[in-house]
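Note sheet for the following structure.
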Amino acid sequence: MSTAELSEQEVIRRNSLAKLRELGIEPYPAAEFQVNAKAAEIKAEFEPEKQNFQEVTLAGRIMSRRIMGKASFAELQDDTGRIQLYINRDEICAGEDKTLYNDVFKKLLDIGDFIGIKGFAFTTQVGEKSVHVKELIVLSKSLRPLPIVKEKDGKVYDAFTDPEMRYRQRYVDLVVNPQVKDTFLKRTKIVNTMRQMFNEYGYLEVETPILQSIPGGAAARPFVTHHNALNIPLYLRIANELYLKRLIVGGFDGVYEFAKDFRNEGMDRTHNPEFTVMEIYVAYKDYKWMMNFTEEMIERVALALHGTTKVKLGDKEIDFKRPFKRVTMLDSIKEHTGIDISGMDEVQLRAVCKQLDIDVDESMGKGKLIDEIFGEKCEGNYIQPTFIIDYPVEMSPLCKKHRDNPELTERFELMVNGKELANAYSELNDPIDQLERFQDQLKLSEKGDDEAMFIDMDFVRSLEYGMPPTSGMGIGIDRLTMFMTNNQSIQDVLFFPQMKPEKKNEADGDEKFEAAGVPGEWIDVLRKMGFKKVDALKEVKAGKLFNDLCGFNKKNKLGLQNPTMEDVTGWIA
RNA sequence: GACUCAGUAGCUCAGCUGGUAGAGCACAUCCCUUUUAAGGAUGGGGUCCUGGGUUCGAACCCCAGCUGAGUCACCA
């Protein structure tokens, strides 16, 4: 990369890098650097009377510097946070040679550089726990300036907030915005808490295929890829349900998987093309048992994270204390629309939708119509955790029919803040019924529903060998994390949310300019004048280009020998 | 996909009715041995998102586009 494309500050840092090497200091040393303390630890535990932390070794990034002549303060940020350093010239440079302080620390190091230090903890006159540096080692030079975020009394100045840059350059976001790191620490804690609970219950964590030849277990459009050796299409999984149930058939009493699923659909604040779902299946249980299990799980997660079941979410407070409210879907619709749809057929439901001003189309069957009514009129009302139970059979092709009403299924969804968080069934284990339900889906598909499920004959075959009564539950880990960390956007709980590809820098390389006959010293000049591509030159008149070049040379005092008119004409010929 | 808002220095943002581009932080130079959103002084730094148009003159007005955000629609 030529220096013309770098900002002034980047050029200065590259020059500093070279000067470090001239001084015999390797800016990217290979050797291990062993630390014996962390910033947060010293801040929490250092007490002057105890004389602890008197020989500490720390490593991290320089995040700020205050130079006061022979003494300086700096902040070092490691993975636990920041701690102030006190650096005195005559202490880190014991002899006559003051280069390490005057040049290396004051001039050649920058905010963002990694250093290691040895020293002792003390408290400054203003009362801040700090480390008095005796020795300083350069560990890694940073060539790009970080955004500088400052904070006083909880008020943040010059925050790094542009969402696009935060998501595209998450590494920068993580370095300068400590609350971002906290969200991801909590995300891991959520997963760990759940895993610990499942393991306590004796269930087995498993892995199932991501590449599937029949994308089953949910209603969604899949991503397609191709397997060369087999010469077949393969789909990225939209769910892992059918594989986990095969494992129940195989004799495991409890299996679970934290799975990445992929759905080829729109992206917005609550949808990312790839997302994480935890699915768990437990033999000899039903959906009622699973409701209690889900409550326990969510309550444990809330307590592990916050020490309380009450969690702030936007301007609301959600209380995850057990038990959650339980409402049947038909009661919910009755409550929010005043209409009792039980026993209605497709025609009647269509009329209800019209009456309620809900858009429908011909491809929608009975289940989808009811789903529309619920989604439109009811879903948004459930802010506090609520189980919606007993869904119509048409909406749930993998779910066992209700023990008291064949029109319904033994299914619940957990709604929080007006959004679905978890979904669970008494699993359908009647293979004949299952095949019929798949065939109904096929009819929907023929009617134009592009989300209807494929028939998975191997799954049906597995059920024919017999699956014990089983309850299964799936929960969106991204959404759960959003609720538990007070983030309104799924992009804030994914390290690297899907983004449109970044625009490429379309500038031509030096070779292409040279091939056109442009001498090396003029290439950067042309780029700086806005001619990123050789072809762009051909669109201007030689005379104008010649004048502009000479003018640019003069104006910017480049001191280059001006080309002749003939030269310029040659470049663009 | 529709509508609304935004895009100006490395970062956060001003910029009036159209008249040669501004601040704070960051950066550079100098001064200063315990400072606190980093003390003092001085200074450098810009494709005002892109391309057209209107105009004597456009960061600003008009048209088109790109990118992002929000709301809605669609979609789990």
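Atom set for the values below is all heavy atoms of this structure, side chains included, hydrogens, waters and symmetry mates excluded. Naming convention: chains lettered A, B, ... in sequence-line order (proteins, then strands); numbering from 1 in each chain. Computed from a prediction, not measured in an experiment: that's the story for all the values here.
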Could you tell me the separation between the [atom1] atom of [X] and the [atom2] atom of [N], rounded to a whole number of Å?
X: A:E420; N: B:rC75; atom1: CD; atom2: C1'; value: 13 Å
X: A:N177; N: B:rC11; atom1: CG; atom2: P; value: 14 Å
X: A:Y86; N: B:rU33; atom1: OH; atom2: P; value: 10 Å
X: A:M68; N: B:rC32; atom1: CE; atom2: C1'; value: 7 Å
X: A:M63; N: B:rU36; atom1: CE; atom2: C1'; value: 16 Å
X: A:D113; N: B:rG10; atom1: CG; atom2: C1'; value: 15 Å
X: A:K419; N: B:rC75; atom1: NZ; atom2: P; value: 15 Å
X: A:F160; N: B:rC11; atom1: CZ; atom2: P; value: 8 Å

Please measure how far the [atom1] atom in [N] lies from the corresponding atom in [M], and state the result in whole Å.
N: B:rC3; M: B:rG22; atom1: P; answer: 37 Å
N: B:rG51; M: B:rA59; atom1: C1'; answer: 16 Å
N: B:rC74; M: B:rU55; atom1: P; answer: 46 Å
N: B:rC72; M: B:rC49; atom1: P; answer: 29 Å
N: B:rU8; M: B:rG15; atom1: C1'; answer: 9 Å
N: B:rG24; M: B:rA41; atom1: P; answer: 11 Å
N: B:rC27; M: B:rG70; atom1: C1'; answer: 35 Å
N: B:rC5; M: B:rG40; atom1: P; answer: 41 Å

Per-pair distances, 0.1 Å, donor-acceptor, side chain in residues 475-483 of chain A, under 3.5 Å, sequence neighbours excluded:
{"unit_1": "A:D478", "atom_1": "OD1", "unit_2": "A:R187", "atom_2": "NH1", "d": "2.9"}
{"unit_1": "A:D478", "atom_1": "OD1", "unit_2": "A:R187", "atom_2": "NH2", "d": "2.9"}
{"unit_1": "A:D478", "atom_1": "OD2", "unit_2": "A:T276", "atom_2": "N", "d": "2.8"}
{"unit_1": "A:R479", "atom_1": "NH1", "unit_2": "A:E420", "atom_2": "O", "d": "2.9"}
{"unit_1": "A:T481", "atom_1": "OG1", "unit_2": "A:I477", "atom_2": "O", "d": "2.6"}

Run the ring-ring contact (aromatic ring centres under 6.0 Å, His included) test against [X] and tell me which residues pass, sequence neighbours left out.
X: A:F387; answer: A:F324, A:F412
X: A:F275; answer: none
X: A:Y171; answer: none
X: A:H132; answer: A:Y86, A:F120, A:F122

For [N], what is the paired nucleotide under Watson-Crick or G-U wobble rules, both distances under 3.5 Å?
N: B:rC27; answer: B:rG43
N: B:rA2; answer: B:rU71
N: B:rA37; answer: none
N: B:rG19; answer: B:rC56

Looking at [X] and [Y], would you say the former's side chain and the latter's main chain have a donor-acceptor pair under 3.5 Å?
X: A:T328; Y: A:I389; result: no
X: A:D78; Y: A:A39; result: yes
X: A:D268; Y: A:T270; result: yes

- Query: How does protein contact run along nucleotides 3-9 of chain B, one letter per nucleotide 5' to 3', with B for base contact, S for sugar-phosphate only, - for none, heavy atoms under 4.0 Å?
  - Reply: -------
What N/O pairs connect the protein and nucleotides 25-31 of chain B at under 3.5 Å? Give each pair on its own line.
{"unit_1": "B:rC25", "atom_1": "O3'", "unit_2": "A:K150", "atom_2": "NZ", "d": "2.8"}
{"unit_1": "B:rC25", "atom_1": "O2'", "unit_2": "A:K150", "atom_2": "NZ", "d": "3.2"}
{"unit_1": "B:rA26", "atom_1": "N3", "unit_2": "A:Q9", "atom_2": "NE2", "d": "3.0"}

- Task: Applying side-chain contact (heavy atoms from CB on, under 4.5 Å), name anything that partners A:E265, two or more places apart in sequence or on another chain.
- Result: A:A220, A:R221, A:R263, A:E451
Shortest side-chain distance from [X], nucleotide among [options]:
X: A:A71; options: B:rG10, B:rC75, B:rU34; result: B:rU34
X: A:R66; options: B:rC11, B:rG10, B:rU35; result: B:rU35
X: A:E265; options: B:rU12, B:rU35, B:rC75; result: B:rC75
X: A:E128; options: B:rU36, B:rU12, B:rU35; result: B:rU36

- Query: With a 3.5 Å cut-off and just heavy-atom distances, do the side chain of A:S72 and the base of B:rU34 make a donor-acceptor pair?
  - Reply: no
- Message: Could you check whether the side chain of A:Y101 and the base of B:rU33 have a donor-acceptor pair of N or O atoms closer than 3.5 Å, going by distance alone?
- Response: no
- Message: Strictly by ring-ring contact (aromatic ring centres under 6.0 Å, His included), give each pair with a member in residues 95-115 of chain A just once, sequence neighbours left out.
- Response: A:Y101-A:F105
Taking any heavy-atom pair under 4.0 Å as a contact, classify [X]: base, sugar-phosphate, or nothing.
X: A:R263; result: sugar-phosphate
X: A:E379; result: base
X: A:E413; result: base

- Task: I would like to know whether A:R14 and A:Q9 meet side chain to side chain donor-acceptor pair (under 3.5 Å); could you show each step before the answer?
- Result: CA-CA 9 Å; A:R14 274 158 208 258; A:Q9 293 191 38; over 6 Å; no
- For A:K134, check side chain to side chain donor-acceptor pair (under 3.5 Å) against everything at least two apart and list the hits. A:E91
Produce the list of close N/O pairs, under 3.5 Å, pairing protein atoms with atoms of nucleotides 69-74 of chain B; give distances to one decimal.
{"unit_1": "B:rU71", "atom_1": "OP2", "unit_2": "A:R269", "atom_2": "NH1", "d": "2.8"}

- Query: Got a sec, which pairs hit salt bridge (Lys or Arg N to Asp or Glu O under 4.0 Å) with one end in residues 98-107 of chain A, sequence neighbours left out?
  - Reply: A:D90-A:K98
- Query: For A:P147 and A:V126, take the nucleotide of RNA chain B holding the closest heavy atom to each; which residue's nucleotide lies nearer the 5' end?
  - Reply: A:P147
- State the CG-SG distance between A:L369 and A:C353, to the nearest 0.5 angstrom. 5.0 Å
